Each structure stands twice: as structure tokens, then as C-alpha cells.
Amino acid sequence: NADGAAAAQAITRAAEGNCAIAQYYLGTLYQSGELVGFDDVKAIRWLTAASDQNYPPAMNALANAYALGRGVPEDDVRAAELWRRAADLGHPGAMVNYADALERGTGTTQNTGAAIAYYRRAAAQDDDAEARDRARSALQRLEATGAIK
């Protein structure tokens, strides 16, 4: 539809103008095929551009792509590093994703204590209910296994 095409053009212009938020949004649109055609190569290009500007949602989305091998070769080390950077910038979903990587030792050295710390940070925030709930569930599971003293 014309409105969708106009929106996609406006987002593309903003992304080309180096707006990290637009780059992130355009990358997610290419991942889903919404408003623009599905294109993993373009999705990764735009998510990388936004991630390079330290935009946490883009770092988290790009990390997810690396973890899944979606549009890039699967790379758990790269995924964990991006999740850590986004988590340290306050992104709740990345906090949980990085905590999970730490807990499992996927792409990083296994460290249950550090995982618990990231889960606690995510569980304490109220910006992202899904991340908060995932973190709280993980903390309950870890408490049940005796990992939390």
C-alpha cells in the first residue's frame, strides 16, 4: 500500500542519514519482510550500522542473528560480546540473553555468578516485561538448584 511504501522510504532516508534508530528499525523490517521485501543481507547491514553506533536494541538484534546464524555465519562468541555490550548499556533483553550465555557457557566462559548478576539487573527493571519475567524465572530456577546462596 502507498502508506507503507512512503513509510519505508522515510525510514530508509533516515537510516541513510545515519540515524541509528532508523537503521535498527529498517534492519528489523528487512528481517520480517514487513513494508520492505525480506532480505537478511540488508537486515544485517542496517543492524550492524546501528550497532556500530552503540544502539543497544540493534546490538541485541544483531547478537540474536549471530546466535541463530540468520543472515550471518553462526558465531556464539560474537553474539555473547554484542549481548554483553548491549546489556552493559542497559538493554533488558540483552541482559537476559547475556546471562543465559554466561549460565550455559555459550560463546563465553561459563560464570553462574555473573549470570545471576545480569538476571538480577534484568529482573529489577520495568521497561521490558518479557525480559523481566524471563529473568525472574531464571532466578527462581537457579535458586531451586541451589546456585543462588
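Numbering of residues begins at 1 and proceeds along the displayed sequence. If you're wondering where the values come from, they're calculated on a predicted model, not measured in any experiment.
- A salt bridge between Arg132 and Asp128 is absent, with no side-chain N of the basic residue lying under 4.0 Å from a carboxylate O of the acidic one.
- The ring pair (Phe, Tyr, Trp, His ring centres under 6.0 Å) check on Tyr25 picks up nothing, with sequence neighbours excluded.
- Side-chain atoms of Glu34 never come within 3.5 Å of backbone atoms of Leu29 as a donor-acceptor pair (strictly under, hydrogens ignored).
- Distance check, rounded to the nearest 0.5 Å: OG of Ser51 to CH2 of Trp46 gives 14.5 Å.
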Please test Arg84 against Met95 for side-chain contact (heavy atoms from CB on, under 4.5 Å), starting from the C-alpha separation and ending with a verdict. CA-CA 7 Å; Arg84 183 194 60 75; Met95 289 177 199; over 6 Å; no
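- The distance from the CG atom of Asp76 to the OG1 atom of Thr108 is 10.5 Å, given to the nearest 0.5 Å.
- A side-chain donor-acceptor contact under 3.5 Å links Gln125 to the backbone of Ala122.
- The structure places CG of Asp39 at 8.5 Å from CZ of Arg45, a figure rounded to the nearest 0.5 Å.
- Applying the salt bridge (charged side-chain N to carboxylate O under 4.0 Å, His left out) criterion to Arg136, with sequence neighbours excluded, gives no partner residue.
- Here the shortest heavy-atom pairing between Met59 and Arg85 reads CE-NH2, 3.0 Å.
- Looking at Trp83 and Asn64, their side chains do bring a donor and an acceptor atom within 3.5 Å of each other.
- Taking every heavy atom of both residues into account, Ala79 and Ala67 meet most closely at CB-N, 3.8 Å.
- Summarising the geometry, atom CG belonging to Leu139 is positioned 7.0 Å from atom CD1 belonging to Ile116; distances are rounded to the nearest 0.5 Å.
- The two residues Ala131 and Gly93 have their closest heavy-atom pair at CB-N, 3.8 Å.
- Contact check on Arg70 versus Asp40 returns a salt bridge, with a Lys/Arg side-chain nitrogen under 4.0 Å from an Asp/Glu carboxylate oxygen.
- Not one N or O on the side chain of Asn60 forms a donor-acceptor pair closer than 3.5 Å with the backbone of Pro56.
- Nearest heavy atoms, Ala61 versus Tyr24: CB-CE1, 4.1 Å.
- Here the side chains of Val96 and His91 are not in contact, with every heavy-atom distance at 4.5 Å or above.
- Linking ILVMFWY side-chain heavy atoms closer than 4.5 Å, directly or via other members, places Tyr55 and Tyr98 in two distinct hydrophobic clusters.
- Across every non-hydrogen atom of Ile44 and Ala65, the tightest pair is CD1-CB, 3.7 Å.
- Leu47 CG to Thr28 OG1: the interatomic distance, rounded to the nearest 0.5 Å, is 7.0 Å.
- Of all the heavy atoms in Thr112 and Ala147, the pair that sits closest is CG2-CB, 4.0 Å.
- To the nearest 0.5 angstrom, Ile21 atom CD1 is 10.0 Å from Gln53 atom CD.
- Checking side-chain atoms of Gln23 against main-chain N and O of Ala15 turns up a donor-acceptor pair under 3.5 Å.
- Side-chain polar atoms of Asp88 and Tyr118 form a donor-acceptor pair below 3.5 angstrom.
- Between the Thr145 side chain and the Leu142 main chain, a donor and an acceptor come within less than 3.5 Å of each other.
- In this structure, the side chain of Arg121 engages the main chain of Ala87 through a donor-acceptor pair within 3.5 Å.
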